[in-house]
Asks: 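Below is a structure I'd like to ask you about.
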Amino acid sequence: MEISNKNRIVVEEEDKETEMIEKLMKAGKIHAEIMEEAVNLIKPDAKLYDVAEYVENKTRELGGEVAFPCNISINDIAAHYTPIYGDEKVFSENDVVKLDVGVHVDGYIADGAITIDLSNSYKDLKKASEDALYTVIKEIIPPMNIGKMGEIIQEVIESYGYKPISNLSGHVMEQYVLHSGISIPNVKEKSKDYIDVGDIVAIEPFATDGFGRVFDGNEKHIFKYIKSRPLRLPSARKILKIIEKKYPHLPFAERWLANEDPKYRAGLRNLMSSGCIYGYPTLIEKNHGMVSQTEHTVLITENGAKITTKK
Ligand code: MN
Ligand code: MN
């Protein structure tokens, strides 16, 4: 039978979409496997550095790529801590740990996080963010208003007696793009934005017994490339070349550059002040409250939201 040109284009587009979904689901499966194993490594006296290195090496071993540095944020730090080169920090028996991991396959990203409560005193805080996530996922019917999603998250977290963190949000993703521009709030909001069939969405409720907002800490260990510029400092020039080659799209860690140049830290500082790279500050709860986070990536289909970050 003849296939007309028009039909051929439709078939090609369908093939492309199937391929994209296969890559997205593969990234999610790798993510789920890593999380399952990494949980067992998070225990008192274990080094944060070893967990981060394990997660990132395992990602590549399983056939994925690292979408962003492994985030290990403890207690009142909500997000964006990643171990630095030579980091000696260890977990303590009182820690509430957020492990946030990003895996990609050809740019299709699986972004997900869990809370590990080593203290055993924050079971409900952990449950509040989990319940908020699974409730909103169940209630997604496309097209869905993002303000409504925030409302559901807020209601569930508040029903536990905690607060959602209002200035942290989920995000719609595209190939090699972590934040496409649409955010998923963790509180009720008036918004004209909707998520719809075909969207890849990271949903990440944060719950706290603190104020319900984060502020920027002083530490920056995760960066992203912004633009090139002529630079005088040799270490900055050298580091920038490496960044442009290896990390043009997605965030990278200070740790990943440690072996590239003896003066890489001065280079990074120079690149930040020159506007060539952006440094993500650690995000700390305003009243230094405890923070829990649960995150999944979902693909929006006609039938609702399909979780990609599970086995
Ligand atoms: Mn995440
Ligand atoms: Mn995310």
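Remember, it's 1-based here, ligands and their atoms both numbered in the order they're listed. Only heavy atoms go into these numbers, but all of them, side chains included; no hydrogens, no water, no symmetry mates. Here, residue 1 is the first one in the sequence, and each next residue gets the next number.
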Asks: Looking at Val51, Leu48, Ile114, Asp95, which hits side chain to side chain contact (heavy atoms under 4.5 Å, CB included) with Ile42?
Replies: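 Output: one option passes, namely Val51.
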Asks: Hey, which protein N/O/S atoms does the Mn ion (ligand 2) have under 2.8 Å?
Replies: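 Sorted hits: Asp111 OD2, His171 NE2, Glu204 OE2, Glu295 OE2.
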Asks: Would you call the rings of His80 and Tyr280 parallel, tilted or perpendicular if under 30° counts as parallel and over 60° as perpendicular?
Replies: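 Taking Tyr280 first and then His80, their aromatic rings stand perpendicular (interplane angle over 60°).
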Asks: Take atom NZ in Lys306; do more than 12 heavy atoms of anything else shown fall under 6.0 Å from it?
Replies: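 Open: at most 12 neighbouring heavy atoms sit under 6.0 Å from NZ of Lys306.
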Asks: Using 30° and 60° as the class boundaries, would you call the ring planes of His171 and His179 parallel, tilted or perpendicular?
Replies: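 Parallel: the ring planes of His171 and His179 meet at under 30°.
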Asks: Between side-chain atoms of residues 20-36 and protein atoms elsewhere (two or more places apart, or another chain), which donor-acceptor pairs fall under 3.5 Å?
Replies:
{"residue": "Lys23", "atom": "NZ", "partner": "Glu19", "partner atom": "OE2", "Å": "3.1"}
{"residue": "Lys23", "atom": "NZ", "partner": "Asp106", "partner atom": "OD2", "Å": "2.7"}
{"residue": "His31", "atom": "NE2", "partner": "Val101", "partner atom": "O", "Å": "2.8"}
{"residue": "His31", "atom": "NE2", "partner": "Gly112", "partner atom": "N", "Å": "3.1"}
{"residue": "His31", "atom": "NE2", "partner": "Gly112", "partner atom": "O", "Å": "3.3"}
{"residue": "Glu36", "atom": "OE1", "partner": "Lys311", "partner atom": "NZ", "Å": "3.4"}
{"residue": "Glu36", "atom": "OE2", "partner": "Lys311", "partner atom": "NZ", "Å": "3.2"}

Asks: More than 12 foreign heavy atoms under 6.0 Å from CZ of Phe211: is that the case here?
Replies: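 It does not: Phe211 CZ has 12 such atoms or fewer within range.
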